[in-house]
There are 6 protein chains.
Amino acid sequence: MEVSARNSLKGTVKHIVEGAVNTEVVLEIAPGVEVVAIITKSSAEKLGLKEGKQAYAVVKATDVMVAVD
Amino acid sequence: MEVSARNSLKGTVKHIVEGAVNTEVVLEIAPGVEVVAIITKSSAEKLGLKEGKQAYAVVKATDVMVAVD
Amino acid sequence: MEVSARNSLKGTVKHIVEGAVNTEVVLEIAPGVEVVAIITKSSAEKLGLKEGKQAYAVVKATDVMVAVD
Amino acid sequence: MEVSARNSLKGTVKHIVEGAVNTEVVLEIAPGVEVVAIITKSSAEKLGLKEGKQAYAVVKATDVMVAVD
Amino acid sequence: MEVSARNSLKGTVKHIVEGAVNTEVVLEIAPGVEVVAIITKSSAEKLGLKEGKQAYAVVKATDVMVAVD
Amino acid sequence: MEVSARNSLKGTVKHIVEGAVNTEVVLEIAPGVEVVAIITKSSAEKLGLKEGKQAYAVVKATDVMVAVD
């Protein structure tokens with residue numbers, strides 16, 4: 001399935017923290033560059049996420065803000 | 001100002017496409033790894049965004065989805 | 001690619017309204033039940049959307065609100 | 001109250017899973033077509049949601065992505 | 001219609017900027033406290049928004065970030 | 001850090017409800033005008049949020065809906 005979200009960043013699952021309803025997934029998308037996702041526990045199970053597995057961080061362009069120092 | 005969004009990815013403005021209301025900003029956050037943001041034109045002007053400028057892609061963890069092949 | 005978003009509603013493209021930056025896509029997901037998506041023009045082109053084409057409305061569960069009369 | 005969100009899909013509450021902070025609500029918006037919403041527990045209580053009750057799945061058009069096979 | 005979004009801030013329409021697809025609406029929710037909304041042009045027309053009209057800024061709690069200096 | 005989000009409403013932390021994964025933060029942004037934010041517990045700790053502390057409710061304009069009676 002190809003999704004309209006403009007950002008699809010290839011990475012590796014580095015860390016998973018399972019909560020009651022939500023699960024926190026840390027993806028390494030480049031050496032030392034991590035992205036944190038919070039998805040539902042059932043979605044994490046459906047995708048079979050495990051540390052070391054290849055996965056994508058998918059983000060709509062309108063959900064990305066820009067900041068400057 | 002420090003924001004609660006979990007993801008604050010440091011990068012460089014690589015490309016800016018200005019629209020009537022929105023502006024598309026492409027940030028390079030690692031060699032060959034780009035993030036596309038769509039923000040309002042007035043925000044882009046307020047932040048003084050220019051190609052080559054250092055900026056951050058800021059994304060809430062709940063706005064990041066995970067996908068697998 | 002399988003995405004963590006909980007809602008993936010199969011439908012047919014019924015109507016497309018192309019704007020300068022954004023494109024409005026109307027999907028029929030059941031007889032008389034339509035969902036409106038606004039995605040970037042480039043995403044709509046990338047996906048090759050045309051009226052009559054099969055497509056999915058993908059929505060994160062946390063982006064769905066509930067209302068009552 | 002009438003809200004600016006473009007999608008207001010009429011349905012019936014089919015299933016409710018209450019969590020500590022969040023509640024998962026499954027709405028049937030057409031025969032066999034379900035939408036999952038995750039809202040705060042207090043909102044679910046405020047709306048008096050119960051299985052069988054009529055409710056709407058409300059989604060902003062910019063929160064709907066489109067996908068193709 | 002009562003919506004599950006936790007924030008429903010009563011205010012007055014102070015300013016409207018109509019774009020090709022989107023419309024920017026500035027609401028004054030307390031003396032000197034303004035909230036900017038960007039909604040689709042058709043939604044703004046559907047709601048009959050005009051300067052001076054009473055309206056609510058509706059925001060899901062999960063869409064509100066917190067920042068500190 | 002200056003963020004592209006259009007709404008940055010100055011207020012005071014009035015109430016904090018800590019959950020397992022998420023924390024609910026109530027900010028008073030004007031006399032009697034409150035905004036509820038749900039952020040991750042770790043973000044709330046990182047920002048050192050306490051009742052009485054000055055903080056901002058930060059919301060993207062595209063995440064603000066408008067409603068009328």
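Please read these numbers as outputs of a predicted model, since none were measured by experiment. Chain letters run A, B, ... following the sequence lines, proteins first and then strands; every chain starts at 1.
Contact residues of residues 60-67 of chain E toward chain D are absent (heavy-atom distance under 4.5 Å). Residues of residues 47-58 of chain E placed with any heavy atom under 4.5 Å of a heavy atom in chain D are listed by number as E/L47, E/Y56, E/V58.
Residues D/K46 and E/R6 form no side-chain contact, since every pair of their non-hydrogen atoms from C-beta on lies 4.5 Å or further apart.
Both the backbone and the side chain of D/S4 have a heavy atom closer than 4.5 Å to some heavy atom of chain E. For D/A44, no part lies near chain E; criterion is any non-hydrogen pair under 4.5 Å. Looking at E/A37, there are no atoms closer than 4.5 Å to chain D (heavy atoms on both sides), in backbone or side chain.
For the set E/A5, E/S42, E/S8, the count of heavy-atom pairs under 4.5 angstrom toward chain D peaks at E/S42.
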